Amino acid sequence: MASTLEVLLVLCIVCANLLLKPIYYFCFYNVLYGLLFSFLIPFFLLRKEENVFNFLGIKAPGKKQVFILVVFIAFSIGGQIIPIVAKGGIIPWNLLPMGIVPLIMTTFFEEFLFRGFFQNNFEKEFGTITAILVSGLMFSLYHVGYPGFRTFEDILLLFAVGIGVAAAYKLSGNNLIVAYFVNFPNALVTYMLKFEQFPKMTMYSTMAGIVTLCIIVVVFIVLVRANTSPNRSTRDISSVRKTKA
């Protein structure tokens, strides 16, 4: 299952980067890679979980989670920016506005799939260390779909980034919010420093990202309501009574 999803992700990203017309890119990247393979299918496969949101780690962060978040962000962002500033280099902040919405979207898909879905399932089967390593490896290899990230050095670096985010996710108590906000600032800084390796960010990318994020919000609202429906509560109470009996 994991291998199949990984291959489908890479194929969709390759097609999106070969067919650069906005409508084709939207269909392959936002719809297929993102909404279908990274979000809806994993959610469907988790439908038998007692509480999908708890399983994925979608919960408010506490003091411990905030501390881990700050430490990991400082390490990842500082490790990229401080050496450049120390050498008198220039950070192209002007690129930031166009990258924000597309990277908000892409980071959500990455963390939802590789951490919330893959890592939790791997850990149930193989244990924590293996789950972190495999999650990090799959995170790095899926970037093969992007033409600008196919060198061995890039894949190795992304493997390290993937392990770092996976470790933050686990150390925080499987908190998807922590994993997301560790990955997102790192993605923004990497985009500004290596923008030539990324797909070109345009106003269309921002508009397409907004549409996709709105769809995600709607899906979440529907799922939350389904999770808290009276019928579901009645079924849960009945199952508890049967168990006690």
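FYI, side chains are in, hydrogens and waters are out, and symmetry mates aren't considered; it's all heavy atoms of this structure. Nothing fancy with the numbering, it's 1 onward along the sequence. Everything quoted here is computed from the prediction, not taken from an experiment.
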Q: Please check if the side chain of Gln65 supplies one atom and the backbone of Gly173 the other of a donor-acceptor pair under 3.5 Å.
A: no
Q: Could you pull out the closest heavy-atom pair between Asp154 and Gly148, with the gap in Å?
A: OD2-O, 3.5 Å
Q. Can you list the residues that meet the side-chain hydrogen bond (donor to acceptor under 3.5 Å, both in side chains) rule with Thr106, with sequence neighbours excluded?
A. Tyr29
Q. Closest heavy-atom contact between Gly78 and Pro83?
A. O-CD, 3.5 Å
Q | Close side-chain approach of Met98 to Met203, heavy-atom, < 4.5 Å | A | yes
Q: Please examine the side chains of Tyr169 and Val178, heavy atoms only from C-beta on, and report whether any two atoms are closer than 4.5 Å.
A: no
(Q) Is the shortest side-chain heavy-atom distance between Ile177 and Lys59 below 4.5 Å? (A) no
**Q.** Under 4.5 Å side-chain linkage, directly or through intermediates, the cluster mates of Leu141
**A.** Ile129, Ile132, Leu133, Leu137, Val144, Ile155, Phe159, Ile163
(Q) Once side-chain hydrogen bond (donor to acceptor under 3.5 Å, both in side chains) is applied, what residue pairs with a partner in residues 13-23 remain, sequence neighbours excluded? (A) none
Q: Quick one: name the residues clustered hydrophobically with Val7, using the 4.5 Å side-chain heavy-atom rule over I, L, V, M, F, W, Y, and just say none if it's on its own.
A: Leu11
Q. Taking C-beta and beyond as the side chain, do Leu5 and Phe117 meet within less than 4.5 Å on heavy atoms?
A. yes
**Q.** Connected via hydrophobic side-chain network under 4.5 Å: Val70 and Ile81
**A.** no
Q.
Has Tyr191 got a side-chain atom pairing as donor or acceptor with Asn186's backbone, closer than 3.5 angstrom?
A. no
Q. What is the minimum heavy-atom distance between Met201 and Phe198, and which atoms define it?
A. CE-CD2, 4.3 Å
Q) Given the rule in the side-chain contact (heavy atoms from CB on, under 4.5 Å) test, do Leu18 and Tyr24 qualify, once you have shown the distances and angles that lead to the verdict? A) CA-CA 9 Å; Leu18 285 175; Tyr24 295 144; over 6 Å; no
**Q.** Pairwise distance NZ(Lys87) to CD1(Ile82) - rounded to 0.5 angstrom
**A.** 13.0 Å
Q. Does any N or O in the side chain of Asn120 come within less than 3.5 Å of the main-chain N or O of Gly116, such that one atom is a donor and the other an acceptor?
A. yes
Q. Heavy atoms, side chains only, cut-off 4.5 Å: are Phe37 and Leu32 in contact?
A. yes
Q) CG of Leu113 to CZ of Phe108: how many Å apart, nearest 0.5 Å? A) 10.0 Å
(Q) For His143 and Tyr146, take the angle between the two ring planes, folded into 0 to 90°, and tell me which bin it lands in: parallel under 30, tilted 30 to 60, perpendicular over 60. (A) tilted
Q: Please name the pair of heavy atoms, one in Asn30 and one in Gly209, separated by the smallest distance, quoted to 0.1 Å.
A: ND2-N, 3.9 Å
Q: Please name all residues satisfying side-chain hydrogen bond (donor to acceptor under 3.5 Å, both in side chains) with Asn121, sequence neighbours left out, ordered by chain then number.
A: none
**Q.** Derivation of the side-chain contact (heavy atoms from CB on, under 4.5 Å) call for Leu171 and Phe72
**A.** CA-CA 11 Å; Leu171 289 171; Phe72 273 81; 4.1 Å; yes
Q: Please indicate whether Met207 has more than 12 foreign heavy atoms, meaning atoms of other residues, nucleotides or ligands, lying under 6.0 Å from its CE.
A: no
Q.
Checking Leu193 now: which residues fulfil side-chain contact (heavy atoms from CB on, under 4.5 Å) with it, not counting sequence neighbours?
A. Gln80, Ile84, Ile91, Pro92, Val189
Q: Identify, with sequence neighbours excluded, every residue that meets side-chain contact (heavy atoms from CB on, under 4.5 Å) alongside Ser3.
A: none
Q: Consider only side-chain heavy atoms of I, L, V, M, F, W and Y, link residues closer than 4.5 Å, and tell whether Val66 and Phe181 are in one cluster.
A: no
Q: Write out all pairs satisfying salt bridge (charged side-chain N to carboxylate O under 4.0 Å, His left out) with one or both partners inside residues 112-138, taking only residues at least two apart or from two chains.
A: Glu49-Lys124, Glu111-Arg115, Glu123-Lys170
Q. Should the ring pair Phe139 and Phe114 be called parallel, tilted or perpendicular, given that the plane angle runs from 0 to 90° and is split at 30 and 60?
A. perpendicular
**Q.** Side chain to side chain, Lys200 and Phe195, heavy atoms closer than 4.5 Å
**A.** no
Q: List for me each residue that meets ring-ring contact (aromatic ring centres under 6.0 Å, His included) alongside Phe122, sequence neighbours excluded, and say none if there are none.
A: Phe118
**Q.** Side chains of Phe184 and Leu188 in contact at under 4.5 Å (non-hydrogen atoms)
**A.** yes
Q) Nearest 0.5 Å, what's the CD1-CG distance between Ile73 and Leu69? A) 4.0 Å
Q) Do the side chains of Thr151 and Leu156 get nearer than 4.5 Å, heavy atoms only? A) no
Q.
Is it the case that the side chain of Thr107 and the backbone of Ile104 share a donor-acceptor pair, with hydrogens and angles ignored and the cut-off at 3.5 Å?
A. no
Q.
Hydrophobic clustering (ILVMFWY, side-chain heavy atoms < 4.5 Å, transitive) - are Phe75 and Leu157 grouped together?
A. no
Q: Drop me the distance from Tyr180's OH to Ile58's CD1, to the nearest 0.5 angstrom.
A: 12.5 Å
Q. Which heavy-atom pair separates Tyr25 from Ala16 by the least distance, and what is that distance?
A. CD1-O, 3.0 Å
Q: Measure the spacing between CG of Leu46 and CG of Leu56 and express it to the nearest 0.5 Å.
A: 5.5 Å
Q | With Phe109 via side-chain contact (heavy atoms from CB on, under 4.5 Å) - residues at least two apart | A | Tyr33, Leu35, Ser38, Phe39, Met105, Thr212, Ile216
Q: Please round to the nearest 0.5 Å and tell me the distance separating atom CG of Leu9 and atom CD of Glu110.
A: 10.0 Å
**Q.** Under the side-chain contact (heavy atoms from CB on, under 4.5 Å) test, residues paired with Val31 that sit two or more places apart
**A.** Phe26
Q) Do other residues, nucleotides or ligands put more than 12 heavy atoms under 6.0 Å from the OH atom of Tyr204? A) yes
Q. Does Ile221 sit in a hydrophobic cluster with other residues, and if so which ones, taking ILVMFWY side chains as linked at heavy-atom separations under 4.5 Å, directly or through other members?
A. Val217
Q) Is there a path of hydrophobic side-chain contacts, each under 4.5 Å between heavy atoms of I, L, V, M, F, W or Y residues, that connects Ile77 with Ile90? A) no
